[in-house]
Amino acid sequence: MVEALREAGVGRGDLVALALAPGVGLGMVVPRPDGLRQALALAADDPAAVVAAVDEALRPRWVMWSKDTAAVLVKAGVRVATCWDVAAIHRMLFGGWHDQPARAWALVHGLAPSTIPAAGVLDLFSQAGEAAGADPDGPVRADGHLAPDWTGGGWSTSPERLARWAELAAQVAERQLVLLAALAGGGGAEGEVDDVVLPVADEIRPRALATSRSESAAELLCAELEVDGLPVDREVAETIIAGFAGPRPRGEADAARERARRDAEVLRHAPDGSRFDLRSPGQVKSLLRRIGIEVPDTRAWRLEGLREAHPVVEALLAWRKAERVATTYGYAWLDEHVGGDGRLRGSWSGSDGAAGRMTASAGLHNMPADMRGAVVAEPGHVFVRADLGQIEPRVLAGVAGDRALAAAAGADDMYAPVAEQLGVDRDTAKVAVLGAMYGQTTGHGAQVLPRLHAAYPVAMAYLDAGDRAGQAGRDLRTYGGRRVRMGSDSGNLDEIGEREARGRAAARGRYGRNALVQGAAAELFKIWAVTVRARGAALDARIVLCLHDELLVHVPEANADDAAALVADCLDETAHRWSPTTPVRLVADLSVIPTWSDAKG
DNA sequence: TGCGGCTATTG
DNA sequence: CACAATAGCCGCAG
């Protein structure tokens, strides 16, 4: 296969579409000098090995429908260097989280999403009539949509079908490239990607193609994160859980007894004979009212100040903490998500439906700080942990092109120069900047907002543009070119009323304002992560966790210092590559640690 | 059984 | 609770 591709003229970075199925084979589609494409089908029990050989020899950019393809490869032990991920680029170009092949295909062909045929449902009318194409068994119907029997898995049954499926991915990629180029070139021909609000449009457009590459590589990283998992010491984890929720219950009756014991610790402070379900917010409110505490809700931050009012409050807050561990991060969580090899595994998404941050399930992104002591490097290994400092205000300075704010970003702590500029203390400056990015209109920070506008008018105007677009329900594009759908769910005025309609518009405004910053920060973070992924392979350094502004890299002890230096170098490289016309300084806190909880801060 | 509300955890 | 997310339990509608 390597020779065939070499003869076809495939070189480093050339797009080669790929579809494979273990035990069946693979299909590859390569570009030809005459502009047409050539399909290759190969029967093979271990198609991933073929892909590995080609990647090693030629290092093409693999066109894949989604990270499902990467997952098949990674499970077979094959990690390719680069790809063109149709699903990820679809989400970037069109927004939202829908990224199935049928949708990606439809939108690059200008077909309305509402006309996409339902998968898995036998469509008698289509079979019988006008929707059937010239080739009734072919993947493309007469109406232009992909056929449900193909999208439903029919592509994987033979090498020839795999090749056709790869060919379709290549066609979508080609059209995606045109749309990206239209974004980058500022052309107006492609109305579909041009009818959105583009604050400082000239700054945004050149980024789109680069973003499509880093977002694609992030999909490879996600596939690897899903397979590799996060190292967890099960014994340590059980000890921590036991400290909150008691020993592991031997059965359902035992668990019920333990629950009752925890409940009793709170209820003994309640009036005699009263029966309240602590898991029901309404009944907790009743319980508090009974002892003379009237609250609109029972959230922890509201009860925090009432600890002195009655001993039940203290007991309740402790109960809530234990209950959280017992239900969400308890023994059931360990059993379900930590494998026999001591790896915590969840599903990863390279970009969520909103601004494009990575998301993860199984508690990987919201594990309580108390549990982090259980995240322990394997024998002979350590973690290199790095987190970006003040990433969002730094990103804001860059994407908005605010030279004054970028100058402040030159400091290790950029809130210090901002505070000096505003003539306020550091905490006030920090709250004000964060408030501006979140859309806060009341409180301590908001009082300084006028000074913030005066000092950093360019950044504030950028945020306000996002806010206005959001309020009007107009879609946005981030600095990297991701479309953020605002979906004008303004609601029926007759039903919701003027007041609530204004409230919703304001909420959309805050959403749009924040999406520009959070989305751009996510793009920058992913560039950093995929750079570490690529460069770290030579040191056996594997990213095991991505946490919005933090990387956890698992590496053999002997390579720890090299890996730490590499992570720092990769950040410099990222700053250089991402850096807009107004460069900003990026800072990271780095540590080499055996356990996640050893990290400072 | 599905869904909105409430709550807690994280960045 | 100003932005984002995942997740569990309760109460209610169907």
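Note: hydrogens, waters and symmetry copies are ignored here, and every other heavy atom, side chains too, is used. Chain letters run A, B, ... following the sequence lines, proteins first and then strands; every chain starts at 1.
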Item to complete: For the pair A/Phe94 and A/His90, name the ring-plane relationship: parallel under 30°, tilted 30 to 60°, perpendicular over 60°.
Response: tilted

Worksheet, complete the sentence: note: A/Tyr511, atom OH; C/dA5, atom C1'; distance rounded to Å ~ 11 Å

Worksheet entry | Reported CG-to-CD distance for the pair A/Leu586 and A/Gln390, which is rounded to 0.5 angstrom | 11.5 Å

Worksheet entry | Test salt bridge (charged side-chain N to carboxylate O under 4.0 Å, His left out) applied to A/Arg248 and A/Glu238, step by step | CA-CA 8 Å; A/Arg248 182 185 272 271; A/Glu238 299 230 0; 2.9 Å; yes

Item to complete: Under 4.0 Å between any heavy atoms, over every strand shown, what does A/Ala362 touch: base, sugar-phosphate, or nothing? Just pick one.
Response: sugar-phosphate

Item to complete: Can you tell me the distance, in whole Å, between the CZ atom of A/Arg482 and the P atom of C/dA4?
Response: 16 Å

Discussion item. I'd like to compare against my own output: the B/S/- annotation of nucleotides 1-11 of chain B with a strict under-4.0 Å heavy-atom distance to protein.
Written reply: -----SBBBSB

Discussion item. Using whole Å, what does the distance between atom P of nucleotide C/dC3 and atom CG of A/Asp467 come to?
Written reply: 11 Å

Worksheet item: Which residue, A/Ala506 or A/Ser280, contacts DNA chain C at a nucleotide closer to its 5' end, judged by nearest heavy atom?
Response: A/Ala506

Worksheet item: Does a nitrogen or oxygen in the side chain of A/Arg510 sit under 4.0 Å from OP1 or OP2 of C/dC3?
Response: yes

Worksheet item: Once you round it to whole Å, what is the distance between C1' of C/dC10 and CD of A/Gln283?
Response: 9 Å

Fill in: Residues that A/Asp427 engages under salt bridge (charged side-chain N to carboxylate O under 4.0 Å, His left out), provided they are two or more places apart
none

Worksheet entry | Sidechain N-carboxylate O distance under 4.0 Å for A/Asp589, A/Arg385 | yes

Discussion item. Need one value for A/Ala355: base, sugar-phosphate or nothing, where a base atom within 4.0 Å counts as base even if backbone is also close, heavy atoms only.
Written reply: nothing

Discussion item. I'd like to check A/Leu221 versus A/Trp348 (side-chain heavy atoms, cut-off strictly below 4.5 Å). Are they in contact?
Written reply: no

Worksheet item: A/Thr327 side chain N/O closer than 4.0 Å to the phosphate oxygens (OP1, OP2) of C/dA7?
Response: no

Fill in: Charged N-O contact under 4.0 Å between A/Arg234 and A/Asp335
yes

Fill in: Between C/dA7 (P) and A/Leu344 (CG): distance, integer Å
11 Å

Worksheet entry | Interatomic distance, A/Trp333 CH2 vs C/dT6 P [rounded to whole Å] | 17 Å

